[in-house]
Every structure is written in C-alpha cells, then in structure tokens.
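Step one of this worksheet: look at the structure below.
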Protein chains: 2
Amino acid sequence: MNDKELLEKSNEILSSPRNQDEEIQALQDTLYVLSGKWKIPIINSICNGNRRFRDIERSIPGITTRMLSKELKEMSANQLIKRTVVDDTPVIIEYSPTDYCHSFGSIILEMIKWGKAHRQRLREKS
Amino acid sequence: MNDKELLEKSNEILSSPRNQDEEIQALQDTLYVLSGKWKIPIINSICNGNRRFRDIERSIPGITTRMLSKELKEMSANQLIKRTVVDDTPVIIEYSPTDYCHSFGSIILEMIKWGKAHRQRLREKS
DNA sequence: CGGCATCCAACCGGATACTG
DNA sequence: CAGTATCCGGTTGGATGCCG
C-alpha cells in the first residue's frame, strides 16, 4: 500500500461511523500509556540504539535527569524497557527495548513524518 | 506493503543511526502540537463526523465542557479546525476539520491499532 | 557515570455553577 | 444548545545540589 492509498484508507476509516466507541476507547488507552512529554522520545532514543543513561539524556533535547530517571523507572515497571546491570568496574547500566517497546514503531514513525512535513509547511509559508 | 513488512521497515528505520537529531526534533514538534489529553480525541471525533459541541462532548468519555471549550478555541486559532456559525434560529455552531486536521489521520489510525492490540494482549494474559 | 532528594512554579484539568 | 466563570487540587516538570 502506497502513501496515497494509505491516506485514503485513513480518511475512509476515520469517516466511518462504525465502532466509534471502541475506537475512542482504544485511542484513549494508547494516549494513557504514552502520556507526558517524554515517553515517546525515550522509546525512540532507546530503539535508536542508545543504551546508557547519559546517552539517552543527551539524545533528547530539554529532558532533565529527574524526568529521565522517573520515566525510565516507570517504563521498566511497565515492561516497556529492560534495565540491565553489567557487572563491570565501574558498574555499567544498560537500558534496552522490549518487544512491547518496538510495538510503538509505527506510531513514532508517523509522528516523525508529520513533524517533518510540518516544518516543511512552515518553511514554505515564510 | 503489508503489516509485517511495515513493521520490519519501522524497526529498520528506527534502528538507523542517521538523522537522529532531525527525527527527534520532528518528533518533539509533533508532540508539542498534540500535547495534552484531549486534542487527539477531539480531532478523531470531528473527523468522524461530529460537528456540534454537545455531539463532540458526548463522543469523548471523560471530557468536560471547560476543557472542550478551551481546546476548541485553541485548535481554531491554530487552523486545526474551523468554527462556523450557521445563522439559523436558534444559532447553530459547527466545527469542521481542515486539511491540516486530516493530516493526523495516520497517527490516529496507528494509535487506535495499538490500543486495540493492547487490549487484546491484556485479555490473553488474564 | 547513574542517578536521588528537595524545592517550587506552572498548568492541567476536574467540579460546579451560571448565562443567553 | 453552546458555552463562560470561578475555584482549587493534583501532577508535571524545571532548577539545583548531592551521593557513591
């Protein structure tokens, strides 16, 4: 399926009155799991290969250690990522994505695509 | 492109180290525009054909008139939706999606898809 | 390096009441 | 119906400093 067909399918499905209740519920479930400013950028960063705290931190503009620490803990608890202690000296901590984490791939890709098109639109206007 | 291929492509692209800076920026731009609990459900509702305030309100579980009012105003200002006064008696107000609004279709579809799969996973576990 | 503790401001958003 | 007004509590999240 190419982009044009995908878009048409999107609009068709979005315009359909069927299963609206189920869809809004699914939507709100997803938004709940991804709530806040940082979970998606963190997932993206870890899926991009970043493994260590400082690396993840540096890869996300604006995040603080406090928020990264908090989110990593929460996301570990929710099986979104795995925290591994590599028993070297000094100890190295590694965060890695779970399959569950990868399941957000399509959402993140669509968001990146939208963001790029958005910047393009802004450039064209000015 | 089928789902399996799409997933592989997602992982491939997500694993690529190129353009990480541009992508995280695009991602954060998108998250900024869509920030908060309600914008995505509202977009979905309006794209689903809901036009009037009460209809939109009823279609989104949990939203209050205050938040809906606030978001609709903000989203009108940002050209995401259009507010039309139908000069009937009594006056009818209609909200409709702009092209800009439709551009979120793919993101919303992916979120609905994820949410449904999420519920399915939970059902299978229990 | 990989965090935790504390303080604090902003705001998000719920409840409720009210208006034309 | 289509909102506005007010109140206010909880959470988000930034700044900073500290620890092993």
Side-chain angles (χ1 to χ4, degrees), chain A residues 24 27-46 48-78 80-97, chain B residues 24 27-46 48-78 80-97:
Chain A
I24 180 67
L27 200 48
Q28 288 186 309
D29 286 348
T30 305
L31 288 167
Y32 177 77
V33 174
L34 296 177
S35 63
K37 279 171 72 174
W38 304 116
K39 289 192 195 66
I40 295 184
I42 291 171
I43 292 171
N44 183 58
S45 173
I46 294 179
N48 259 334
N50 294 116
R51 290 289 172 267
R52 305 187 56 182
F53 194 92
R54 292 287 170 192
D55 292 335
I56 299 169
E57 187 183 3
R58 267 190 296 268
S59 74
I60 303 173
I63 199 168
T64 59
T65 65
R66 183 179 121 82
M67 291 313 296
L68 180 55
S69 169
K70 222 170 113 184
E71 297 281 19
L72 284 175
K73 200 181 295 181
E74 194 185 323
M75 293 165 72
S76 295
N78 295 340
L80 263 164
I81 54 177
K82 203 172 52 129
R83 184 182 192 272
T84 313
V85 181
V86 181
D87 207 353
D88 215 342
T89 42
V91 173
I92 288 176
I93 313 287
E94 280 194 357
Y95 294 94
S96 51
Chain B
I24 180 67
L27 200 48
Q28 288 185 310
D29 286 348
T30 305
L31 288 168
Y32 177 77
V33 175
L34 296 177
S35 63
K37 280 170 71 175
W38 304 115
K39 289 190 194 68
I40 295 184
I42 291 171
I43 291 171
N44 183 59
S45 173
I46 294 179
N48 258 334
N50 294 116
R51 291 287 172 270
R52 306 187 56 182
F53 194 91
R54 292 287 170 193
D55 292 335
I56 299 169
E57 187 183 3
R58 267 191 294 270
S59 73
I60 303 173
I63 199 167
T64 58
T65 65
R66 183 179 117 83
M67 290 313 295
L68 180 55
S69 168
K70 223 170 113 183
E71 297 281 20
L72 284 175
K73 202 179 294 180
E74 194 185 322
M75 291 164 73
S76 296
N78 296 339
L80 262 164
I81 55 178
K82 202 171 54 130
R83 184 181 190 274
T84 313
V85 180
V86 180
D87 207 355
D88 215 341
T89 42
V91 173
I92 289 176
I93 313 286
E94 280 194 356
Y95 295 94
S96 51

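All values below come from the heavy atoms of this structure, side chains included, with hydrogens, waters and symmetry mates left out. Quick note on labels: first sequence line is chain A, next is B, and so on, each numbered from 1.
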Item to check | A:Glu94 vs A:Ile81, side-chain contact (heavy atoms from CB on, under 4.5 Å): CA-CA, chis, key distance, verdict | outcome: CA-CA 10 Å; A:Glu94 280 194 357; A:Ile81 54 177; over 6 Å; no
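Atom P of nucleotide D:dA2 and atom CD of B:Glu57 are separated by 10 Å, given to the nearest angstrom. A straight line from CZ of A:Arg58 to C1' of C:dG3 spans 14 Å, rounded to a whole angstrom. Summarising the geometry, the separation between CD on A:Glu74 and P on C:dC4 is reported as 13 Å, rounded to the nearest angstrom. Separating the CD1 atom of A:Ile42 from the P atom of C:dG3 is a distance of 12 Å, rounded to the nearest angstrom.
For B:Pro61, the side chain to side chain contact (heavy atoms under 4.5 Å, CB included) partners two or more places apart in sequence, or in a different chain, are A:Ile24, A:Gln28. Under the salt bridge (charged side-chain N to carboxylate O under 4.0 Å, His left out) criterion, A:Arg52 pairs with no residue, sequence neighbours left out. For A:Arg51, the side chain to side chain donor-acceptor pair (under 3.5 Å) criterion is met by no residue, not counting sequence neighbours. With sequence neighbours excluded, the residues satisfying side chain to side chain contact (heavy atoms under 4.5 Å, CB included) with B:Ser35 are B:Lys39. For B:Arg83, the side chain to side chain contact (heavy atoms under 4.5 Å, CB included) criterion is met by B:Ser76, B:Val85, B:Ile93, B:Tyr95, not counting sequence neighbours.
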Checklist entry - How would nucleotides 3-20 of chain D be written as a contact map, 5' to 3', with B for base contact, S for sugar-phosphate-only contact and - for no contact, using protein heavy atoms under 4.0 Å? => result BB-B------BBB-----
